[in-house]
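Reading through the structure tokens given below for one structure.
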Amino acid sequence: LIKKAQAYQLSALPNLNGFQITMGRLLITYYVSSGNFELAKKELDTMEGTLSGLKRSRGYMEYGPIWEGGYESARGIYFSGQGQWLESERSLRKTLHILEAQYQKVKNSSNKIDVVGDNVRAATDATNNPRVYVTQISNRELNLANVLLRQRKLIDAEFYARKSITLSQSSFGSNAIEVARGLRTLATIVNEQGRYTEAVLLS
């Protein structure tokens, strides 16, 4: 009975259930990269059902945009893997709109917690730690840059690759792996524009 009560208490926590969205996004990324689109689609359908349930939960007002962003991110990655560039672009743009709005909201909040400061340690999540969003935004900008590259929208692709690099560099420093990923993507885009000398330097 105690175990059942504990399980019920955990299942009643909306942000804990919301972790299923994050796990779903990570699983879909793995399935797509390994070419298993059947499992990716099945997981995407599961995420849609989870999100539908979370919309009726008491935590939706606080965590809803985070969950929506995770779901749209997964859709963008799935469509990209399938070569459905327009659908992927739509989902990734929607994802970025949600993530950037939340990032600015948390960054300017009086409840923001500086995880690298000298303050007393405190629990952080996407409601009070802006750094949670940085890697996600940077990665989705690179996803979008690649999708735009596939559509030969090379100017837009370069814009998002540079945007990703700028955010990663200002947040993590010049030697961060996120910056390296951005430079690699930018080198490919610049090469496709015929700016070969610059592409070599970026590489």
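What you see is a predicted model; the values in this text were computed from it and never measured.
- Distance check, rounded to the nearest 0.5 Å: CG of Leu154 to CD1 of Ile189 gives 8.0 Å.
- With hydrophobic clusters built from ILVMFWY side chains whose heavy atoms lie under 4.5 angstrom apart, Leu167 does not share a cluster with Leu183.
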| task | Could you go through the side chain to side chain contact (heavy atoms under 4.5 Å, CB included) check for Leu92 and Glu141 one step at a time? | result | CA-CA 8 Å; Leu92 290 171; Glu141 285 172 340; over 6 Å; no
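- Between Thr95 and Ser73, the shortest heavy-atom distance links the atoms OG1-N, 3.0 Å.
- In this structure, Val147 and Ser88 approach most closely via the heavy-atom pair CG2-OG, 3.4 Å.
- The structure places CG of Leu99 at 7.5 Å from OH of Tyr133, a figure rounded to the nearest 0.5 Å.
- In this structure, Leu51 CG and Thr46 OG1 are separated by 12.5 Å, a value rounded to the nearest 0.5 Å.
- Asn191 contributes no side-chain N or O that, together with a main-chain N or O of Ala187, makes up a donor-acceptor pair within less than 3.5 Å.
- With Ser170 contributing its side chain and Thr166 its backbone, the two residues share a donor-acceptor pair below 3.5 Å.
- The distance from the OG1 atom of Thr185 to the CD1 atom of Ile165 is 7.5 Å, given to the nearest 0.5 Å.
- Under a 4.0 Å N-O distance rule, the pair Arg93/Glu72 does not qualify as a salt bridge.
- Two different hydrophobic clusters hold Ile21 and Tyr31 under the rule that ILVMFWY side chains link at heavy-atom gaps under 4.5 Å.
- A 4.5 Å side-chain heavy-atom check between Arg195 and Glu158 finds at least one atom pair inside the cut-off.
- Exactly one of Arg140, Lys105, Lys163 qualifies for a salt bridge (charged side-chain N to carboxylate O under 4.0 Å, His left out) with Glu100. That residue is Lys163.
- Remark: the Ser203 side chain and the Arg184 side chain contain no N/O donor-acceptor pair separated by less than 3.5 Å.
- Between the side chain of Ser171 and the backbone N or O of Val134, no donor-acceptor pair lies under 3.5 Å.
- Between Arg150 and Glu89 there is no salt bridge, since no side-chain N of the basic residue sits under 4.0 Å from a carboxylate O of the acidic one.
- A salt bridge is absent between Glu87 and Arg75; no separation between the charged side-chain nitrogens and carboxylate oxygens falls under 4.0 Å.
- In summary, the side chains of Ser138 and Ser164 do present a donor paired with an acceptor at a separation below 3.5 Å, with no hydrogens or angles considered.
- Closest heavy-atom contact between Arg25 and Gly70: CD-O, 3.9 Å.
- Rounding to the nearest 0.5 Å gives a distance of 8.5 Å between CZ of Arg90 and CZ of Phe79.
- Atom CD of Glu43 sits about 9.5 Å away from atom CD of Gln20, to the nearest 0.5 Å.
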| Between Trp67 and Thr50, is a side chain to side chain contact (heavy atoms under 4.5 Å, CB included) present by the stated rule, with each step listed? | CA-CA 10 Å; Trp67 298 334; Thr50 300; over 6 Å; no
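- A donor-acceptor pair shorter than 3.5 Å can be found between the side chains of Glu68 and Tyr60.
- Hydrophobic clustering of Ile, Leu, Val, Met, Phe, Trp and Tyr side chains at less than 4.5 Å, counting indirect connections, unites Tyr103 with Tyr63.
- In this pair, Tyr78 and Phe37 present their aromatic rings perpendicular. The plane angle is above 60°, beyond the 30 to 60° band.
- Nearest heavy-atom pair across Val32 and Ile77 is CG1-O, 3.9 Å.
- At a threshold of 4.5 Å between side-chain heavy atoms, the hydrophobic network of Ile, Leu, Val, Met, Phe, Trp and Tyr places Tyr71 and Ile28 in one connected group.
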| message | For a side chain to side chain contact (heavy atoms under 4.5 Å, CB included) check, start with the C-alpha distance between Arg181 and Ile177, then their side-chain angles and the critical distance, and finish with the verdict. | response | CA-CA 6 Å; Arg181 287 196 200 104; Ile177 191 67; 4.1 Å; yes
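- Panel note: side chain Ser57, backbone Leu54; a donor-acceptor pair is recorded below 3.5 Å.
- Scanning all heavy atoms of the two residues, the minimum distance from Ile98 to Pro65 falls at CG2-O, 3.0 Å.
- A 4.5 Å side-chain heavy-atom check between Asp156 and Gln151 finds every atom pair outside the cut-off.
- Taking hydrophobic clusters as Ile, Leu, Val, Met, Phe, Trp and Tyr residues chained together by side-chain heavy-atom distances below 4.5 Å, Leu149 does not share a cluster with Trp85.
- Judged by distance alone, the side chain of Ser34 and the main-chain N or O of Tyr30 form a donor-acceptor pair under 3.5 Å.
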| message | side chain to side chain contact (heavy atoms under 4.5 Å, CB included), that's the test. Do Tyr160 and Leu96 meet it? Break it down for me. | response | CA-CA 11 Å; Tyr160 281 101; Leu96 284 170; 4.2 Å; yes
